[in-house]
2 protein chains.
Amino acid sequence: MASDHTRGAILAAAERLYADRGFGDVTLRDIVAAADVNLAAVNYHFGSKDELIAELFVTRSIATNRERLNELKAAEEGGGGRASIDAILRALVGPTLRGCLGPERERSTAARFMIRASIESVPPIRRIRNREIDHLRKFVAAMRRALPDRSEVELYWALHFALAMAHQTVRDSERLTKLSEGKCDLDDVADIIERVVAVSVMALTGGEVERKPPAKLMARDAP
Amino acid sequence: MASDHTRGAILAAAERLYADRGFGDVTLRDIVAAADVNLAAVNYHFGSKDELIAELFVTRSIATNRERLNELKAAEEGGGGRASIDAILRALVGPTLRGCLGPERERSTAARFMIRASIESVPPIRRIRNREIDHLRKFVAAMRRALPDRSEVELYWALHFALAMAHQTVRDSERLTKLSEGKCDLDDVADIIERVVAVSVMALTGGEVERKPPAKLMARDAP
DNA sequence: GTCTATAACCCGATAGAC
DNA sequence: GTCTATCGGGTTATAGAC
């Protein structure tokens, strides 16, 4: 089975090149040159360029999702079958943020690949992300157990906003650093996780009360 | 100046095709066929495919940024030189959300183009987005006037999270609809704006107090 | 100045020999 | 399984007609 070597070499070279230079700038010819294999081997082992990218992304996604579920399970067992809402949200955003942020020098190829995937969002990756819904439902279910009084709509919005803050922080960490002139420390991952979790929890516990009634034709605000 | 017609036809055709089918699936040949002009006209009028995309995006971005600043100015004048924090954040996220969400049938070509740009994030568009920092600084300055007691870091994070929630809602509206089985109404733009603003305000007014101290090696949570 | 026509090159995918 | 050779198509760039 010399093929396993070829296959693995392609995967490793592709992940590194995509992480370093992005999906748009890396051709299959670049990849096979770096892996020192033949051009046709890519099509033989993966079927197409898109399926190669999909396999790279699926592998890393499965790892992240397993981490999330492990943390969720640990939080629920620690709480006697019902995890606290902050622990649930921490299990949701923690693995992604820990995996993608942190000091530059410590970022693995896998981490840089996932950051790139988050920024460029090429078609095969989008297709896989759209199949994540069943995975997210497990977190909605846990949130429902933690906050049985909240309406489901509020739970969905809170989960959506938590993921939004986490992903955008991964995507735009450079812009936030520039905007804040370094005052926002993107290397302090634990602090960022707690920020995202705290805001998401407030969206669930502090909201609903002070939100304005839906004013359909509001153009400006008038105090 | 028959060229103005050619130029405009290319811009209109390109925006429509990109909005409908995405940047990856539309070739220059598709565009010139739809605009009924010659292939080389694109290179003559815009220099390259990337510059054509950049011009489309810059035009729409300028319009959005002007709306934002108009709303900010109106809010500050209405408040005697100092706008309330919610009015500032509403001016920041309102134009984008109003422009990109709402009933499908009402979405203009320009709106669908901006949604596409938000999802696919192709290199020329990323370059332009990175130059938005000076624009955002005006909102940071307004926030500082509204909440002079808050530390600057908190203002940056709140602005970042507000934009994160707004952009991710535009980007992933379909996933949220599926996840919530239609229970989250993505057509009720006014409600979405108020949700984003409310959560962002809470990030500024409710935070700082109950956030945990930075626990560098926290793996799980232990109550 | 404006546009047409075409050249020269690179991409991903694949048929078929080995 | 691996490799050569090649196809169809997209992109830039440009010579030269209008």
Side-chain angles (χ1 to χ4, degrees), chain A residues 1-58 113 116-117 120-128, chain B residues 1-58 113 116-117 120-128:
Chain A
M1 299 242 168
S3 76
D4 271 1
H5 171 262
T6 299
R7 209 186 134 83
I10 292 170
L11 284 169
E15 185 167 49
R16 186 174 54 80
L17 288 174
Y18 285 142
D20 287 342
R21 292 160 42 195
F23 295 102
D25 271 6
V26 176
T27 70
L28 287 187
R29 283 169 170 84
D30 292 333
I31 294 170
V32 298
D36 197 29
V37 300
N38 187 270
L39 173 61
V42 175
N43 238 267
Y44 175 79
H45 285 284
F46 302 95
S48 71
K49 181 187 183 177
D50 278 8
E51 288 174 90
L52 167 61
I53 294 174
E55 174 150 342
L56 286 168
F57 186 70
V58 164
F113 174 82
R116 187 66 73 172
E120 297 198 7
S121 180
V122 93
I125 289 177
R126 277 203 300 280
R127 280 193 287 273
I128 293 162
Chain B
M1 301 233 174
S3 75
D4 270 1
H5 170 262
T6 298
R7 210 185 133 83
I10 292 170
L11 285 169
E15 185 168 48
R16 185 172 55 78
L17 288 173
Y18 285 142
D20 287 342
R21 293 161 39 195
F23 296 103
D25 271 9
V26 175
T27 70
L28 286 186
R29 283 170 170 83
D30 292 334
I31 293 170
V32 298
D36 199 29
V37 301
N38 188 271
L39 174 61
V42 175
N43 233 270
Y44 176 77
H45 283 287
F46 301 95
S48 70
K49 180 186 183 178
D50 277 9
E51 288 174 90
L52 167 60
I53 293 174
E55 174 151 341
L56 286 168
F57 186 72
V58 164
F113 174 82
R116 186 67 73 172
E120 297 200 4
S121 179
V122 92
I125 289 178
R126 277 204 299 281
R127 280 193 288 272
I128 292 162

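In the text below, chain A, chain B and the rest are named by the order of the sequence lines, each starting its count at 1. Keep in mind the model is a prediction, meaning the values are calculated, not measured.
Pairs of residues two or more places apart, or lying in two chains, that qualify as ring pair (Phe, Tyr, Trp, His ring centres under 6.0 Å) and include a residue from residues 7-54 of chain A are Y18(A)-F23(A), F23(A)-F113(A). Pairs engaging residues 32-43 of chain A under the side chain to side chain donor-acceptor pair (under 3.5 Å) rule: none recorded [sequence neighbours left out].
Listed by chain and residue number, R7(A) satisfy the salt bridge (charged side-chain N to carboxylate O under 4.0 Å, His left out) test with E55(A) (two or more places apart in sequence, or in another chain). Looking at residues two or more places apart in sequence or on another chain, you find no salt bridge (charged side-chain N to carboxylate O under 4.0 Å, His left out) involving R16(B). Checked against side chain to side chain donor-acceptor pair (under 3.5 Å), D30(A) has the following partners two or more places apart in sequence or in another chain: R21(A), T27(A).
A salt bridge does not link R116(B) to D20(B): none of the charged nitrogens lies less than 4.0 Å from a carboxylate oxygen.
Residue N38(B) places at least one side-chain N or O closer than 4.0 Å to OP1 or OP2 of dT4(C). Phosphate proximity of dT2(D) to H45(A): present, with a side-chain N or O under 4.0 Å from OP1 or OP2. Of the side-chain N and O atoms in T6(A), none sit less than 4.0 angstrom from OP1 or OP2 of dG1(D). In this structure, Y44(B) does not reach the dC3(C) phosphate: none of its side-chain N or O atoms is under 4.0 Å from OP1 or OP2.
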Under 4.0 Å protein heavy-atom contact, by nucleotide of nucleotides 6-13 of chain C - B base, S sugar-phosphate only: -----BBB
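Remark: C1' of dC3(C) and CZ of R7(B) are 16 Å apart, rounded to the nearest angstrom. Atom P of nucleotide dG10(D) and atom CG of D25(B) are separated by 11 Å, given to the nearest angstrom.
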